[in-house]
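Working notes, structure below.
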Amino acid sequence: MDGPVQSSHPYTQAHAAAPLWAVNIFSFLSSFGTGIVTYGITLIAKQAYSFTQFDNYLMAVVIGITYIVGSLGAGPLLRALRVRFPNLSDRAVLVWLMALMAILCLIPLGAKVASIDSSWPLWLLVTLYSPLTGILWPVVESFVSGGRSGPTLLRSLGIWNIVWSSAVVLASWGMGPALERHAVSALAVLGAMHIGSCIVLVPFPRFAPRHEAEAHRANLSPVYRDLLSTFRIILPVSYVISSALGPFLPSAMDALRIPIAWQPIVLSAWQLPRMLGFIVHQATTSWRGTWAHPISGGMMLLVGFVAAILAPRLAGTPEGNTTGTWLLIGGLTVFGAGMSCIYSGAIYYAMSVGNAEVDAGGMHEALIGVGYTIGPVIGLVPTMLIDRQIVPPSSFEPTVLVSTGMVATVGIVLVARAITRQQRPKGA
């Protein structure tokens, strides 16, 4: 199918786009919160609820599955709600999402105040919060891209990528001081941020407008469709690798004797390069329409992942801990640079070739959710086998590396098949 399913609303191509400054402020505040729940939740779970590596991988699988449900359901849900409530706008949907997410952020603190000594409040938070973020970001992306095309679309997406990724970095840095004693309270602060962000929605149009997709497509090089097919495959592969790495990092940093207050900073060792990579993509245009872009991004991703996974192997002595820490930071840095290439390309071609609406963003986010789900499974299985003493602990890294290599190989094969099919003459 050439483009996404159209969402029916009264706005047309003639309506003005949402003010980019307002969209970016809202995205920054929302990303600060969703970044902590998505990326930092493993550290919070380990510190406040004594989660094991197995627990963190299992929680990551739940986050991935529910995120897919939310992402794919965003467009159909909005259409169904408009049938039931004809006056419901996209902007109102964002307000409701912020209110619901704020309430969920208060659950762990409420349970703590009530002296409930259990991890179920955290499980309830992530299980319900994750699908809401899966709905949130496709709607936000429709406001980012709606009413924009060509160079304006590229500029808007580039700035937006920088804004939301910088919020994730700052969230990681801010977690450090709070993580040791106030991890649960930090989640409640996020709830207040969600409520406060609703003020920025005032200048938003009621509905996200469309961009002039057909006119824009006519000026695109045919290679853009091949690149879209490529990025729609390597995007979930990149998040498979990312989410296989995430739940592993708390245990890896403990093995390397990295203090708990510094662990969120080390975690940002891949988030900061990703943000800087987005700045480079915003400032340059030479990467558009080139095959070197996805290839180099994929290579950096794999090299960085291997270095980060192997870093704890050096633990055991002060010298080994120091070397391992630097190897971990170096690997995460390269990994983050690769993620910036893949994400930038994926969202640009998705919004450039397809219509910039909720369904286009929903497919983009659902592909991320696939990676969020498969990646933790790669780590969950060997962790479970090690916990049950079926295999030795030394088998974890080789198993994860081989499994990830297999996923990457399947991705390469799928990319080749997708491109071959697009280039095959019709009727052949």
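Computed from a prediction, not measured in an experiment: that's the story for all the values here. The figures that follow rest on heavy atoms only: side chains count, while hydrogens, waters and symmetry mates do not.
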Practice task
For salt bridge (Lys or Arg N to Asp or Glu O under 4.0 Å), just list the numbers for D55 and K46, CA-CA rounded to whole Å, side-chain angles, deciding distance to a tenth of an Å, and then say yes or no.
Solution key: CA-CA 9 Å; D55 295 330; K46 189 174 187 302; over 6 Å; no
Problem - Rounded distance (nearest 0.5 Å) linking atom OG of S142 with atom CH2 of W137 - result: 12.0 Å
Handout entry: ring pair (Phe, Tyr, Trp, His ring centres under 6.0 Å) between F143 and F26, worked out
Key = CA-CA 11 Å; F143 277 107; F26 179 79; 8.7 Å; no
Exercise for the section: Compare all side-chain heavy atoms of F32 with those of V169 and state whether any distance is below 4.5 angstrom. Expected result: no
Handout entry: Aromatic plane relationship, W287 with H293 - under 30° parallel, 30 to 60° tilted, over 60° perpendicular
Key = tilted
Handout entry: W270 side chain reached by T333 side chain, heavy atoms, under 4.5 Å
Key = no
Fill in the blank from the handout: For S242 and F335 the tightest heavy-atom approach is CA-CZ, 3.5 Å
Problem - Result of checking Y348, W164, F231 against Y343 for ring-ring contact (aromatic ring centres under 6.0 Å, His included) - result: W164
Exercise for the section: Scan side-chain atoms only and decide if Q53 and D387 contain a donor-acceptor pair under the 3.5 Å cut-off. Expected result: no
Exercise for the section: List in chain and number order the residues that pass side chain to side chain donor-acceptor pair (under 3.5 Å) with T404, two or more places apart in sequence or in another chain; answer none if no residue qualifies. Expected result: none
Handout entry: Greater than 12 external heavy atoms within 6.0 Å of L81's CG
Key = yes
Exercise for the section: Inspect the surroundings of CZ in R313 and state if more than 12 heavy atoms from other residues, nucleotides or ligands are less than 6.0 Å away. Expected result: yes
Exercise for the section: Answer yes or no: is there a side-chain heavy-atom contact under 4.5 Å between Q282 and I162? Expected result: yes
Handout entry: Ring centers of F248, F396 separated by less than 6.0 Å
Key = yes
Exercise for the section: Measure the shortest side-chain to side-chain distance between L328 and L256 over non-hydrogen atoms and say whether it is less than 4.5 angstrom. Expected result: yes
Practice task
Would you give the length of the straight line joining atom OG1 of T399 to atom CG of L385, rounded to the nearest 0.5 angstrom?
Solution key: 8.0 Å
Exercise for the section: May I ask you to test the M101-T133 pair for a side-chain heavy-atom distance under 4.5 Å? Expected result: yes
Exercise for the section: Can you label the angle between the Y224 ring and the Y349 ring as parallel, tilted or perpendicular, going by 30° and 60°? Expected result: perpendicular
Exercise for the section: Indicate whether any N or O donor in one side chain lies under 3.5 Å from an N or O acceptor in the other, for S156 and R148. Expected result: yes
